2 protein chains.
Amino acid sequence: MARRPTIKDIARQAGVSESAVSFALNNRPGVSQDTRARIRRVAEELGWQPNSAARALSGEQSGAVGLVLARPAHTLGVESFFLQLVSGIQEVLAAGRIALLFQVVEDLDAECAVYRRWWAERRVDGVVVVDPRTDDPRPALLEQLALPAVTVGETGPVSVSSASSDSAPSDSVVPALSAVRADDAGAMAQVLDHLHGLGHRRIAHVAGMPGLAHTERRITSLRAEARRLGLGPGQVRSVTTDYSDAEGAEATRRILAEPEPPTAIVYDNDVMAVAGVAVASELGIPVPGGLSVVAWDDSALCRVTRPRLTALVRDTAGFGRLAAEELLALLAGGRPRSRESELPRLEPRESTAPPPAAY
Amino acid sequence: MARRPTIKDIARQAGVSESAVSFALNNRPGVSQDTRARIRRVAEELGWQPNSAARALSGEQSGAVGLVLARPAHTLGVESFFLQLVSGIQEVLAAGRIALLFQVVEDLDAECAVYRRWWAERRVDGVVVVDPRTDDPRPALLEQLALPAVTVGETGPVSVSSASSDSAPSDSVVPALSAVRADDAGAMAQVLDHLHGLGHRRIAHVAGMPGLAHTERRITSLRAEARRLGLGPGQVRSVTTDYSDAEGAEATRRILAEPEPPTAIVYDNDVMAVAGVAVASELGIPVPGGLSVVAWDDSALCRVTRPRLTALVRDTAGFGRLAAEELLALLAGGRPRSRESELPRLEPRESTAPPPAAY
DNA sequence: TTGTATGCGTTATCAG
DNA sequence: CTGATAACGCATACAA
C-alpha cells in the first residue's frame, strides 16, 4: 500500500528498458509512438508519479518554488492581500506541478537566511520576493546564489502620471531578477484626481512601513501629484506606520488634532482606513461629511463597514498569477524581464464626498 | 559560486572518509570525538547543508510537511485565521528545519488529489489537515497512504458544558491521525451564558459552511446549551452560510425580518458579524440597543468597527504551534494522540448589552 | 529504436 | 573506530 511504483516497475510491466520509460514519460525523442503510448498507459495504470527527490538529485530542478513573508506577527493577519496573492500564484504553479514552499519569518535577516538555506539544501528552483524595499539586500543575495526570482510589488516608472515612458529599455543592462510591477504613481494620481475633483485641498496620507519600496513610492508620488494639481507642500503630507490598526488609529488622531486638519485621508491598507473612520467618528467628525477616506486595496472589509469605503481595487490574484508566470518563464530558461500589472481602479463608495463647506 | 559543498568535499578537506563525515554530522556513534569536532568545523567553514533531495532519496524523510487549504477563492481573504495558524505552525517547524508546502485549492476532491500527488512524489512526510468535516474522506485516504497527519479544529467531546469527561480514553482504539481539538461546545456555553445572563431569550446563530465539523458542532451545542438554560427549541436557531460577508448579510436580513426576531446573533466569523451589524443599522436596529452581536474569533476587524465587537478570542497561532508539535511527534515515531487547545475566552466589548426592554 | 552504464549526494551495510 | 560499496529513482550519454 505504501509502496510507490517506479519506472523500473513500468519498464518490467511494459517489457521495455528503464530509459525507454524515462524518454516516453518526458516527451523526448528516441522511442516509437506505440511503445510510448503503451508505456504511458502502464504508467497511468500503476499510478506512477515521478519521485521528486530522485528528479532533483539527478540534476533536474526540484519542482518547487519558495515564498517568504517577513512580517512581525502582529501586522499579518487581517490583510487579505497575501492569501489572494498566494492563491493566484498557485493557480499557475499547480498547472505546472510546481509546489510552493511558504515561510513566515520575523524580519529581513531571517528571510535572507531562509533563501540561503533553501539554496544550500536545493529545496527550491526559484523564489517570489514580496515587499521590495528601497534599499533591498535580497536581489544581490539571490543573484549571488544564482537563484531565479521575481519581485512582486516593485513600483513602476518614476514619471509622474505622464505618458508611459516606454522609451527603449536599454537592453545592455540586464536586470538580475524578473519583476511584476505595480503602478503606484498612476494609482496615486487617480486617488488625488478623485479627491481634488471633489474639492479637497488638504490631504493626508497614512502610509505603511517605511523602507518598503511602495511606501516610499506612494509618498513621493503624493507630493508630485500635489504639485501637478497646484497644491502647496503644506497641503499634503504622509506619515508612516506598521500597517496595524493601532498605528493607523494613532496617526489619524494626531493628524486630526492639527491646527489645520486635512479634509481627506488616504490609507495604505483597509484595516487602517477602518480604524481611521472609527477615530474620526469618536472625535465627532462624520465620514464623509467632515472627512473623506480612501483605502488602498479593496476587501470585504471595505464593503461591510459603514460608510462603505472608497477603495483602490486591484486584482491581487491576477498579480500573483503574473508573478508565477514570470517565474516559470525564468525557470524555463527565459531572460529576466519586467511586467507591469494592470492599473488599479478607484471604486468610489460612500466614504468620499466634497469637503465641508466651512472649509 | 553556484556550487554547493558536499560531504565529499568535507571528507577530502578533513582527510577522512565520507561515511565518517556522515556519521559525525548526524550524531551517530562510530567516530572519535576529535575527528567529529574537526569534521564539524570543516562543514561549518564550507557552509555545508544537507542536500534535501539526496536525503529524501536515500530513504530518509523529505523534511517537509504539507498544508492544503480548500476554499473557494471568494471566501478566503479576509479571515485572519489561516495566516495566524500558518504562522504558528512555522514557528515550530522552522526550529526543526522542516519546510512547509502550502497549497490553495478549490474543493475537497482537489485537496485529496494533492495529498495523493504529494505522497506519490514523496514530497512531504506528513500533512496538517484543516477544516475537518462531519463526513470526511481525508482521514481514510491519509491512513491508506500511510501519511502521518494531524487534524486541526476537530471539535471536543460531545458532553454539553459538563465536567471534562476524560474518563480513560480506551487505549484499544488507536486513532489513525493526531488531532488538535477545539472545545466548541465549551465556547458556545460561554457565549450563551453571557447572552442569557444579559437577559437574551431569543438567539440566532449565523454559522459557517455546512458539513464542516465545527459548524455542525456549534449548531448542536447551541441547541444543547439552550436546553440547559431552559430555552425552548423555537427560541434558538442556526443558519449556515459560506462565511462570506454577502451571505452573512443576507442571513441577517432574513432573520431580522421574521415575526419574532432574535435579540442576539452569534456569527461564526468576524466578517459576517460586521456585515450583520451593518445590515441591522440599515434596518434601523441599533447595536447593541436593539440587537446584540457576538463574533466567533477575534481580529483587528472586531476592534476597529464601531461598536467594537464582543468576540471569542482564541490563540490561533498557539493552535498552529500545537498542531506542528503533534505532527513532529508523529514524524519522530510517536503514536497518534489527541490534544485539546485551550478554551477560548469571551471578550465582552460594546456589541452586547441587555435586550430592548420592550421585549 | 532500444538497452546498458554511470552519476547525482546521502545513508547504511558491510568489511577491515 | 575507519574506509570502501551498494542502494535510493531518475536522467542521460553511449553502445548495440
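Proteins get letters first, then strands, A, B, ... in listed order; numbering begins at 1 in each. Every value quoted in this text rests on a predicted model; they were computed, and no experiment measured them.
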(Q) Check whether A:T151 reaches the backbone of A:E154 with its side chain - one donor and one acceptor, N or O, closer than 3.5 Å. (A) no
Note: contacts of residues 47-57 of chain A with DNA chain C (heavy atom, under 4.0 Å) are A:L57
Sorted by chain and number, sequence neighbours left out, salt bridge (Lys or Arg N to Asp or Glu O under 4.0 Å) with B:R116 holds for none
The ring-ring contact (aromatic ring centres under 6.0 Å, His included) partners of A:F23 (sequence neighbours excluded) come to none
Mind checking B:R28 for me? I need base, sugar-phosphate or nothing, with any heavy atom below 4.0 Å counting as a touch. sugar-phosphate
- Answer yes or no: is there an ion pair linking B:E106 with B:R71, defined by an N-O contact shorter than 4.0 Å? no
With sequence neighbours left out, the residues meeting side chain to side chain donor-acceptor pair (under 3.5 Å) with A:S58 are none
Is there a donor-acceptor pair closer than 3.5 Å between any side-chain N or O of A:N26 and the backbone N or O of A:S22?
yes
Please work out if A:V16 contacts a base, only the sugar-phosphate, or nothing of the nucleic acid, heavy-atom cut-off 4.0 Å.
-> sugar-phosphate
For A:F319, the ring-ring contact (aromatic ring centres under 6.0 Å, His included) test, sequence neighbours excluded, returns none
Sorted by number, residues from residues 38-46 of chain B placing a heavy atom under 4.0 Å from DNA chain C are none
>> Using a heavy-atom cut-off of 4.0 Å across all strands, would you classify A:S22 as base, sugar-phosphate, or nothing?
In response: base
When every non-hydrogen atom of B:A149 is compared with those of B:L142, the smallest separation belongs to CB-CD1, 3.7 Å
Sorted by chain and residue number, the side chain to side chain contact (heavy atoms under 4.5 Å, CB included) partners of A:D135 (sequence neighbours excluded) come out as none
Output yes when a side-chain donor or acceptor of A:E326 lies under 3.5 Å from a complementary backbone atom of A:V150, and no otherwise.
no
Parsed dot-bracket for DNA chain C after applying the Watson-Crick and G-U rules with both distances under 3.5 Å and | for other-strand partners is |.||||||||||||||
With a 4.5 Å limit on heavy-atom distance, are the side chains of A:Q103 and B:L100 in contact? no
Sorted by chain and number, sequence neighbours left out, side chain to side chain donor-acceptor pair (under 3.5 Å) with A:E111 holds for A:Y115, A:R138
DNA chain C: first to last nucleotide in contact with chain B (atom under 4.0 angstrom from a heavy atom), 5' to 3', is C:dG9 to C:dT13
Can you give each donor-acceptor pair under 3.5 Å made by side-chain atoms of residues 61-68 of chain B, sequence neighbours left out, with the distance rounded to 0.1 Å?
unit_1 : atom_1 : unit_2 : atom_2 : d
B:S62  : OG     : B:A64  : N      : 3.4
B:S62  : OG     : B:R123 : O      : 3.0
B:S62  : OG     : B:D125 : OD1    : 3.1

ask   = NA contact type, A:T6, heavy-atom cut-off 4.0 Å: base, sugar-phosphate, or nothing?
value = sugar-phosphate
So the contacted stretch of DNA chain D, first to last nucleotide with an atom under 4.0 Å from a non-hydrogen atom of chain A, runs from D:dG9 to D:dT12
Decide, yes or no, whether a salt bridge links A:E121 with B:R97 under the criterion of side-chain N to carboxylate O below 4.0 Å.
yes
>> Less than 4.0 angstrom from a charged side-chain N to a carboxylate O is my criterion; do B:R321 and B:E325 meet it?
In response: no
